[in-house]
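This report refers to the structure that appears directly beneath it.
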Amino acid sequence: MTSKWVVVLFGATGYVGGSVLNRLLQDPATKTWEIITPVRSPEKAKLLEKLGVKTEIASLSDHDKLELLASRARVVINAAGSDDLPAINAILKGMRKAHERTGELPILIHTSGTGEISEMAYGKYTAETVWSDLDVGQLKSVEPTAFHRGVDLAVVHADEGGYARTHIIMPGVIYGIATGPVFEAGIAKAISKDVPGLIKASLDRKRAGVVGPGKSVWGHVHIDDVADMYLVLLDAIKSNPQSVGHGWEGFYFGVTGHNTWYEASKAIGEALVGLGFTDDAEPTTLTDEELEKYWGSITAGGYAGITCVCRAERARTIGWKPKYTKGALLASLKPEAEMQWKLVQEKGGFDFSYEKSHAPMLDRIFKRR
Ligand SMILES: NC(=O)c1ccc[n+]([C@@H]2O[C@H](COP(=O)([O-])OP(=O)(O)OC[C@H]3O[C@@H](n4cnc5c(N)ncnc54)[C@H](OP(=O)(O)O)[C@@H]3O)[C@@H](O)[C@H]2O)c1
């Protein structure tokens, strides 16, 4: 009997990681994996164990623990942080130990994002460059100081170092309310990041907001299609490893369509009309004061006016078949606005602490043009 593959999944209490865990638990191959989910919350660990996974209490700052966990893993999936270099270095150190002990090449599936190849356009224009994840020369040309880049370079260098097989999933804006046991159990939040901030700001100002004129085009992907990508990758790695690009050939964009930020804001405006906040669905430009109020800084708020155009081709070569279209994105904004409004009422007010927490990092990386 062959032994089970130990899969260590960081970020199982999150939107992406929780969706990946649901897929892992539903996959026909689930019995061939021993799933370990390191999390910060002991309460959530107990809930996760009820779903049949092992847990460890660990923060990304517990570097010794990260190293130990990674040293025992056949596969590490990181959906907990795209920008924590010390954490990824600890994980890679553990993977090097695993390689030295077993002679195998441990697998890393790391989560980054297309923010890495985006331009801070403040809604004013659409990027002219079209990125392809099959164009390695183009991927190598990204500035080392770009968003997420330091961590991604560390990941690729591990592959070049010959002790790990690395894969980097780069989703665009992920949308849609996540479903499945992890979310039903209250372990993870079912909503994403960037679009919810725009929805909350619009609800608070009772009118859809948009950064600048909203002309910038950005790539999107539904949460279910993103989660599928991790499983397609994992299945291909297991069944036909030679078919699977890794290292510099291991960047996998997760984008299924593009929209302007205006289109998204207009759909939010229609949701606001439905909720009775306004009778005009037309978005209005967010002022600098509003960007600071909701996102903590003009640059952080400007992220909802960023631009990037890309073709997600590599994952399709190994069988990724995304199901959702742009219509699904626009249709998702009404139920999401209704859900956000319900949450605001339950909590007794708006909470922008999550949006604001990213301001120092975004300020450092994107300077206002
Ligand atoms: N959502 C998007 O649209 C999007 C798009 C592109 C890329 N991404 C990338 O995908 C990754 C996951 O995003 P998400 O939307 O799933 O975020 P999320 O819902 O906020 O989940 C983040 C996860 O990481 C964990 N985490 C964060 N800091 C940690 C720490 N110091 N120690 C231990 N665990 C920690 C959280 O644990 P707790 O529950 O304990 O907080 C949670 O499980 C991020 O790296 C993000 O950059 C997301």
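Read the numbers this way: they start at 1 and go in the same order the structure lists the ligands and their atoms. Count residues from 1 along the sequence.
- For the ligand labelled ligand 1, residue Y175 lies outside the 4.0 Å heavy-atom shell.
- Residue-to-ligand polar distances keep G17 apart from ligand 1: every N/O pair is separated by 3.5 Å or more.
- Annotation: K44 places no N or O atom under 3.5 Å from an N or O atom of ligand 1; distance criterion only.
- Proximity annotation for atom 23 (C) of ligand 1: of G172, A178, S19, A79, A79 comes nearest, heavy atoms only.
- Annotation: cation-pi pair K356/W295 absent, no NZ/CZ under 6.0 Å from the ring centroid and within 45° of its normal.
- Heavy atoms of G81 come nearer than 4.0 angstrom to ligand 1 in at least one pair.
- Among L21, T111, T13, the residue whose heavy atom sits closest to atom 10 (O) of ligand 1 is T111.
- Taking the six-membered ring for Trp and thresholds of 30 and 60 degrees, H220 and Y175 have ring planes more than 60 degrees apart, a perpendicular arrangement.
- Environment of NZ in K238: crowded, with over 12 heavy atoms of neighbouring residues, nucleotides or ligands closer than 6.0 Å.
- Checked against side chain to side chain contact (heavy atoms under 4.5 Å, CB included), I318 has the following partners two or more places apart in sequence or in another chain: V232, L233, A236, S243, V244, Y252.
- Checked against a 3.5 angstrom limit, the closest N/O atoms of H148 and ligand 1 fall outside it.
- Of the N or O atoms in A58, none lie within a sub-3.5 Å distance of an N or O in ligand 1.
- Of all atoms in ligand 1, numbered sequentially from 1 with element shown, those under 4.0 Å from a heavy atom of S192 are 1 (N), 2 (C), 3 (O).
- Between the side chain of N22 and the backbone N or O of T179 there is at least one donor-acceptor pair closer than 3.5 Å.
- Heavy-atom distances between G18 and ligand 1 stay at or above 4.0 Å for every pair.
- Side-chain polar atoms of D280 and T278 form no donor-acceptor pair below 3.5 angstrom.
- Considering each of K189, H358, K193, the one bringing a non-hydrogen atom nearest atom 14 (P) of ligand 1 is K193.
- The shortest N or O to N or O distance between V173 and ligand 1 is not under 3.5 Å.
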- prompt: So K342 and E338, salt bridge (Lys or Arg N to Asp or Glu O under 4.0 Å) or not? Walk me through it.
  reply: CA-CA 6 Å; K342 199 165 157 256; E338 288 164 358; over 6 Å; no
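- Checked by distance only, ligand 1 and Y15 come closer than 3.5 Å through their nitrogen or oxygen atoms.
- Between D194 and ligand 1, not a single N/O pair is under 3.5 Å apart.
- Between the side chain of S216 and the backbone N or O of G305 there is at least one donor-acceptor pair closer than 3.5 Å.
- Taking every heavy atom of both residues into account, I91 and V76 meet most closely at CG2-CG1, 4.0 Å.
- Atom 29 (C) of ligand 1 has its nearest heavy-atom neighbour, among H110, R40, H220, in R40.
- In terms of polar-atom proximity, defined here as any N/O pair under 3.5 Å, I174 does make such a contact with ligand 1.
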Enumerate, atom names and distances included, each donor-acceptor pair closer than 3.5 Å involving a side-chain atom of residues 189-196, sequence neighbours excluded.
from, atom 1, to, atom 2, distance (Å)
K189, NZ, I191, O, 2.6
S192, OG, I174, O, 2.8
K193, NZ, Y354, OH, 2.5

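- In terms of polar-atom proximity, P171 is not counted as a contact of ligand 1, lacking any N or O under 3.5 Å from an N or O of the ligand.
- Heavy atoms of S61 stay at 4.0 angstrom or farther from ligand 1.
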